[in-house]
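Take a look at the structure below.
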Amino acid sequence: MVTDSPKTLADWQALAATLNLETRAFIDGEFVPAVSGSTLTSINPATGETLAEVASCDTADAERATQVARAAFESGAWSRCDPGKRKRVLLRLAELVNAHRDELALLDTLDMGKPISSSQGDVAGTVACLRYQAECIDKLYGEVAPTGDGALGLVLREPMGVVAAIVPWNFPLMMTSWKIAPALAAGNSVILKPSEKSPLSALRLAQLVQEAGIPPGVFQVLPGYGHTVGKALALSMEVDCLAFTGSTGVGKQLMQYAGQSNLKRVFLECGGKSPNIVFADCQQLDAVAQSAAAAIFHNQGEVCIAGSRLLVENSIREDFVARVVKAAEQMQPGDPLDPNSFMGAMVDEAQYQRVLDYIRLGVSEGAALKLGGEASASKGYFLPPTIFDNVTPEMRIGREEIFGPVLSVFGFDSEEQAIALANDSDYGLAAGVWSQDIDRIMRVSRRLQSGQVYVNNWAGVDQTVPFGGVKQSGNGRDKSLHAQEKYCEVKTVWMSLSV
Ligand code: NAD
């Protein structure tokens with residue numbers, strides 16, 4: 001039975017006190033310690049306190065899990081079962097996630113510091129993703145090729161085999177669902193490697209997978225570090241596909257591992273430095289400024305599609321930046337368990353220090369600090385919204401992915417200059433265009449080198465549209481029918497007919 005969600009900070013704290021954390025790996029349908037017995041420490045970044053000691057898997061665990069996954073795939077219990085059955089089981093999993101939504105949201109907030117309201121949104125997104133991909137299972141058809149009379153050419157979609165999903169910590173459960181829902185729906189065996197910084201919701205999900213009735217070995221979870229168990233999965237000859245979300249640097253390593261092993265497919269969803277372009281003709285500047293601030297400060301700026309480069313037409317820049325500053329002043333970090341907090345804590349000390357280093361760099365590079373800067377909280381890794389104006393393309397704060405609450409504002413004088421500035425990046429994940437001129441919107445949208453372009457909004461989302469990047473932001477597409485198709489191999493069956 002689904003009950004009402006907690007409403008206050010005290011309600012969430014009370015629920016947190018009742019949690020019973022699963023900390024072991026999930027292999028072959030059972031929860032087990034790592035073969036080595038090693039653990040890693042999961043901390044709550046809002047308090048610095050230890051949450052749990054979680055199994056830290058390694059090569060031996062990866063070898064076992066890949067063998068189990070292969071055997072489960074070959075058995076056909078999931079890969080060749082009636083698609084209607086796969087659909088029913090995945091829909092059941094969606095309902096179980098929905099029924100346990102508060103607990104799952106809480107695990108992500110405790111583990112990585114994001115505000116509880118954001119985690120609740122992530123769980124709702126996870127349920128929607130599971131439902132959508134489950135519903136697609138019996139709606140994706142093969143093809144009959146337009147051959148001549150003497151032959152029948154069938155084009156079949158088949159599951160690939162063993163998929164290893166390696167995911168980051170910024171949206172732990174939701175990024176997981178974007179990989180596992182379409183991969184499982186297509187009939188693959190899936191091994192999930194959550195980030196070492198946020199493994200708890202993945203392990204709770206494994207319990208729900210068991211309850212939903214997914215056969216043993218079809219879904220497994222290996223918590224642990226990237227350079228140990230992640231690398232072992234990426235180099236494994238038993239893994240047919242790597243589905244990765246994370247940094248561009250690690251994405252490049254995964255392509256090398258694929259080349260060193262079995263040429264497994266590698267789908268990458270990587271970083272970004274996304275431009276958000278505001279033209280002087282746009283109206284309702286306060287609402288636009290509010291959206292521009294939320295585009296970077298949502299989830300403490302730890303968002304792949306953060307609108308981290310704000311490009312503003314110079315004729316309105318001074319006025320517009322003042323409005324963004326005013327909006328951002330209301331977005332100060334607070335207790336992640338407080339439903340009113342817009343920002344929470346940075347994921348850990350390393351990320352906190354990295355962002356602080358970028359803020360100091362921005363000052364030394366000569367950008368104009370308009371808001372924020374140094375941290376003030378005495379405990380936990382909290383950073384304020386920070387805004388730099390007068391940023392130029394040579395400055396590192398304007399080029400590199402900071403992955404924190406730091407906005408770089410650039411000025412421009414013409415449409416051509418705006419497009420050139422926007423595309424002057426190694427990345428191509430998201431871009432925004434704010435204007436009332438439909439001709440301009442179409443011209444600019446077509447020329448932006450970006451996986452998605454948001455027109456008069458930021459981060460409009462739905463399960464029906466694909467999500468992914470171009471250039472060094474990656475090559476895969478999550479969500480929509482395209483996601484399920486990418487976890488299938490296309491096979492031709494050519495039949496000669498006697499005529
Ligand atoms: P990361 O690349 O450090 O780690 C991502 C995952 O890869 C983790 O599970 C990690 O353990 C694993 N890993 C690290 N080294 C590995 C190795 N050598 N072999 C195998 N696995 C390895 O990224 P992060 O810090 O967890 O996440 C932040 C990054 O993710 C940012 O760059 C952000 O833009 C990106 N991201 C992209 C999207 C998208 O959809 N494009 C979404 C969310 C986050």
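As the structure lists them, so they are numbered: ligands from 1, and atoms in each ligand from 1.
- The one candidate from K479, R477, R157 that meets the salt bridge (charged side-chain N to carboxylate O under 4.0 Å, His left out) condition with E485 is R157.
- E349 is linked by a side-chain hydrogen bond (donor to acceptor under 3.5 Å, both in side chains) to nothing, counting only residues two or more places apart in sequence or in another chain.
- Just one residue in the list D108, D335, D122 forms a salt bridge (charged side-chain N to carboxylate O under 4.0 Å, His left out) with K114, and that residue is D122.
- When the shell of 6.0 Å around NZ of K370 is examined, it contains 12 or fewer heavy atoms from other residues, nucleotides or ligands.
- For the pairing with S198, the side chain to side chain contact (heavy atoms under 4.5 Å, CB included) check across P168, S42, P172 returns one residue only, P172.
- Taking the six-membered ring for Trp and the full ring otherwise, F267 and W178 have centroids separated by 6.0 Å or more.
- Contact shell of ligand 1 (protein heavy atoms, cutoff 4.0 Å): I166, V167, P168, W169, N170, M175, K193, P194, S195, E196, G226, G230, K231, F244, T245, G246, S247, V250, Q253, L254, Y257, E269, C270, G271, C304, E401, F403, L429, F467.
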